[in-house]
Amino acid sequence: MYEAIVIGAGQAGLSASYHLQRLGINHVVLDANPAPGGAWQHRWDSLSMDDVHGVADLPDGPAPGKSSDRANTVLPTWFGDYEREHDLPVVRPVRVDAVTNDGELLVVHAGNRTWTTRTIINATGTWSRPFVPFYPGASTFQGEQLHTVDYPGPEHFHGKRVLVVGGGASAVQFLGEIAPVTDTVWVTRRPPVWRDGFDSELGRKAISLVEERVRRGLPPASVVSVTGLALRPQERLAESLGAYERRPMFARIEPDGVRWASGEFEKVDVILWATGFRPAVDHLAPLGLRGSEGGIALRTTGHDVQTAVTAAQDPRIQLVGYGPSASTIGGNRAGRAAATAVARFLEAQAA
Ligand SMILES: Cc1cc2nc3c(=O)[nH]c(=O)nc-3n(C[C@H](O)[C@H](O)[C@H](O)COP(=O)(O)OP(=O)(O)OC[C@H]3O[C@@H](n4cnc5c(N)ncnc54)[C@H](O)[C@@H]3O)c2cc1C
């Protein structure tokens, strides 16, 4: 029986485990991946350390710097070293199927294995729940449909006409790579909002907006969706080729392309859905944390942004890397906030 179980060993889960360790809280980290690295180990090969938007340090673990090396090897190596150096109790591969109540205790189920705990820190990220919106005719399309999680790198698209769907940072990056190689079309639901730079005030505002949503129990919006988009030097060639002249969403998908409500048709060979992710929290469903607004409401433990971690319905459950803390820096801060909340909960129980 543990005082805490952390589910997921990405940036948020490792930060939580580090702080639990420092607080002397008996815990284990259950991670579905076969190796260290969280979602980073699955990111596409052409994503270099120069391409990532910025990876925050782990607590007492400086992040690797910019380089042309692959993010999907550099960051998992760093996570693995960090787990060993801090002797974090990570068990893998363990995919948690469900968390259930057993009186005051919580039971974590993975296949035929179970663990019992007083508290949970959920740090399961979003990568395992890719989101593809519904459009009529999608199943009739005879070309290739890929999601961000399948992105095979630009060379794969040589000689094909590629439709990129989505208004986030991934779509911008994919177009930057694919447009110099082949024909692209970009569609987004809303016109993109471009920004010149990024300052900490803009970041803070964006995070506060997302935090406000999860406090109200709404499904979280991505932090990036609030900050706007920027083109980097590596995307300037695609820009000069007109790749960022966006079109509105089509109305339906046909066997060899997409059609707008106006009747206009575009023949394409590939649809690349850069349409984001949803929080991977299905295993928490038996706890009934989701409210009528469709999200899991969180309440803050402090006055700072990114510290909304405690489930409003159940103080035994902390969610990190969720909503306002769904970034590497947010995951870090939330990990500390969650460990502190667990310590407070256990103290209150013991009193
Ligand atoms: C393409 C892309 C690029 C990004 N680039 C940046 C960036 O440059 N900077 C930045 O700050 N943020 C970036 N982000 C946001 C990024 O997702 C977070 O910053 C961070 O990596 C997420 O960390 P995490 O710990 O929350 O989740 P993850 O890294 O996804 O880790 C979650 C872990 O939980 C495990 N897990 C999931 N479900 C279960 C289960 N049921 N049972 C057990 N284990 C489970 C997974 O196997 C995984 O190991 C990016 C996101 C995407 C999609």
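Atom set for the values below is all heavy atoms of this structure, side chains included, hydrogens, waters and symmetry mates excluded. Each ligand, and each atom within it, is numbered from 1 in the order the structure gives.
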Participant: Tell me whether Ala280 has any N or O atom under 3.5 angstrom from an N or O of ligand 1.
Facilitator: no
Participant: Under 3.5 Å, N or O to N or O, is Thr148 touching ligand 1 that way?
Facilitator: no
Participant: Heavy-atom distance to atom 19 (O) of ligand 1: which of Thr328, Val149, Leu14 wins?
Facilitator: Thr328
Participant: How far is atom 34 (O) of ligand 1 from the closest protein heavy atom, and which atom is that?
Facilitator: Gly8 CA, 3.2 Å
Participant: Ala12 heavy atoms, cut-off 4.0 Å: which ligand 1 atoms fall inside?
Facilitator: 25 (O), 26 (O)
Participant: What's the shortest distance from atom 29 (O) of ligand 1 to any protein heavy atom, and which residue and atom give it?
Facilitator: Ala39 N, 2.9 Å
Participant: Any nitrogen or oxygen of Gly37, side chain or backbone, less than 3.5 Å from one on ligand 1?
Facilitator: no
Participant: List ligand 1 atoms under 4.0 Å from Phe277, heavy atoms only on the residue side.
Facilitator: 53 (C)
Participant: Could you tell me which atoms of ligand 1, counted from 1 in the order shown, lie closer than 4.0 angstrom to a heavy atom of His53?
Facilitator: 7 (C), 8 (O)
Participant: Under a 4.0 angstrom heavy-atom cut-off, which atoms of ligand 1 come close to Gly54?
Facilitator: 7 (C), 8 (O), 9 (N), 10 (C), 11 (O)
Participant: Out of Trp40, Trp127, Phe79, who is nearest to atom 6 (C) of ligand 1 when you count heavy atoms only?
Facilitator: Trp40
Participant: Tell me, which protein residue and heavy-atom name are nearest atom 42 (N) of ligand 1, and how many Å apart are they?
Facilitator: Val96 N, 2.8 Å
Participant: Before giving the answer on ring pair (Phe, Tyr, Trp, His ring centres under 6.0 Å), spell out for Phe277 and His147 the whole-Å C-alpha distance, their side-chain angles and the decisive distance to 0.1 Å.
Facilitator: CA-CA 10 Å; Phe277 297 85; His147 183 271; 5.2 Å; yes
Participant: Based purely on interatomic distance, does Asn33 place a nitrogen or oxygen under 3.5 Å from a nitrogen or oxygen of ligand 1?
Facilitator: yes
Participant: What orientation do Trp273 and Tyr135 show, parallel under 30°, tilted 30 to 60°, or perpendicular over 60°?
Facilitator: parallel
Participant: Are Arg92 and Glu83 within salt-bridge range, i.e. N to O under 4.0 Å?
Facilitator: yes
Participant: Any idea which atoms of ligand 1 are less than 4.0 Å away from a heavy-atom of Asp31?
Facilitator: 33 (C), 34 (O), 35 (C), 44 (N), 46 (C), 47 (O), 48 (C), 49 (O)
Participant: Report the relative orientation of the aromatic rings in His86 and Tyr18; use parallel for angles under 30°, tilted for 30 to 60°, perpendicular for over 60°.
Facilitator: perpendicular
Participant: Can you pull out the closest protein heavy atom to atom 39 (C) of ligand 1? Residue, atom name and distance to 0.1 Å, please.
Facilitator: Thr124 CG2, 3.4 Å
Participant: Run Asn72 and Trp44 through side chain to side chain contact (heavy atoms under 4.5 Å, CB included) and show every step you take.
Facilitator: CA-CA 7 Å; Asn72 65 9; Trp44 50 95; over 6 Å; no
Participant: As a check for students: among Arg95, Arg129, Arg43, identify the option with a heavy atom nearest to atom 16 (C) of ligand 1.
Facilitator: Arg43
Participant: Which atoms of ligand 1 are found less than 4.0 Å from any heavy atom of Ala32?
Facilitator: 43 (C), 44 (N), 45 (C), 47 (O)
Participant: Please report which non-hydrogen protein atom sits nearest to atom 27 (O) of ligand 1, along with the residue it belongs to and the distance in Å to one decimal place.
Facilitator: Gly125 CA, 3.5 Å
Participant: Is Arg247 close enough and on-axis enough to Trp186, meaning under 6.0 Å and within 45°, for cation-pi?
Facilitator: no
Participant: Aromatic contact between His27 and Tyr2, with the criterion being ring centroids under 6.0 Å apart: yes or no?
Facilitator: no
Participant: Is the positively charged end of Arg43 above the ring of Trp127, judged by distance under 6.0 angstrom from the centroid and angle within 45° of the axis?
Facilitator: yes
Participant: Yes or no on side chain to side chain contact (heavy atoms under 4.5 Å, CB included) for Leu106 and Thr116, after CA distance, side-chain angles and deciding distance?
Facilitator: CA-CA 6 Å; Leu106 293 154; Thr116 307; over 6 Å; no
Participant: With a 4.0 Å cut-off on heavy atoms, does Ala9 reach ligand 1?
Facilitator: yes
Participant: Among all protein heavy atoms, pick the one closest to atom 31 (O) of ligand 1 and tell me residue, atom and distance.
Facilitator: Gly10 CA, 3.4 Å
Participant: Could you tell me whether Val320 approaches ligand 1 through its side chain, its backbone, both or neither, with non-hydrogen atoms closer than 4.0 Å?
Facilitator: neither
Participant: Between the side chains of Arg118 and Glu3, is the shortest nitrogen-to-carboxylate-oxygen separation below 4.0 Å, so that they form an ion pair?
Facilitator: no
Participant: Does even one non-hydrogen atom of Tyr322 get within less than 4.0 Å of ligand 1?
Facilitator: no
Participant: How close does the nearest protein non-hydrogen atom get to atom 26 (O) of ligand 1, and which residue and atom is it?
Facilitator: Gly321 CA, 3.7 Å
Participant: Do His109 and Thr100 have side-chain N/O donor and acceptor atoms under 3.5 Å apart?
Facilitator: yes
Participant: May I ask whether atom 22 (C) of ligand 1 is less than 4.0 Å from at least one protein heavy atom?
Facilitator: no
Participant: So that I can tick it off, tell me whether Arg344 and Glu347 are bridged by a salt bridge, with the cut-off set at under 4.0 angstrom between side-chain N and carboxylate O.
Facilitator: no
Participant: When you check the gap from the basic side-chain N to the acidic O, do Arg161 and Glu266 get nearer than 4.0 Å?
Facilitator: yes
Participant: Can you tell me which portion of Ala110 lies within the under-4.0 Å heavy-atom range of ligand 1? Options are side chain, backbone, both, or neither.
Facilitator: neither
Participant: Ignoring hydrogens and geometry beyond distance, is a side-chain donor-acceptor pair present between Gln234 and Asp51 at under 3.5 Å?
Facilitator: yes
Participant: Please test Leu298 against Leu319 for side chain to side chain contact (heavy atoms under 4.5 Å, CB included), starting from the C-alpha separation and ending with a verdict.
Facilitator: CA-CA 8 Å; Leu298 301 183; Leu319 285 99; 3.7 Å; yes
Participant: Taking atom 32 (C) of ligand 1 as the point of reference, which of Gly38, Ala326, Ala123 owns the nearest heavy atom?
Facilitator: Ala123
Participant: Quick check on Val94 - does any of its heavy atoms sit under 4.0 Å from an atom of ligand 1?
Facilitator: yes
Participant: Find all atoms of ligand 1 within a distance of less than 4.0 Å from any non-hydrogen atom belonging to Trp44, and give their numbers and elements.
Facilitator: 1 (C)
Participant: Please could you name the atoms of ligand 1 that Ile7 approaches to less than 4.0 Å, counting only its heavy atoms?
Facilitator: 42 (N), 43 (C)
Participant: Is the shortest side-chain N to carboxylate O distance from Asp282 to Arg129 below 4.0 Å?
Facilitator: yes
Participant: Do Gln318 and Thr310 pair up side chain to side chain, a donor and an acceptor below 3.5 Å, judged on atom types alone?
Facilitator: yes
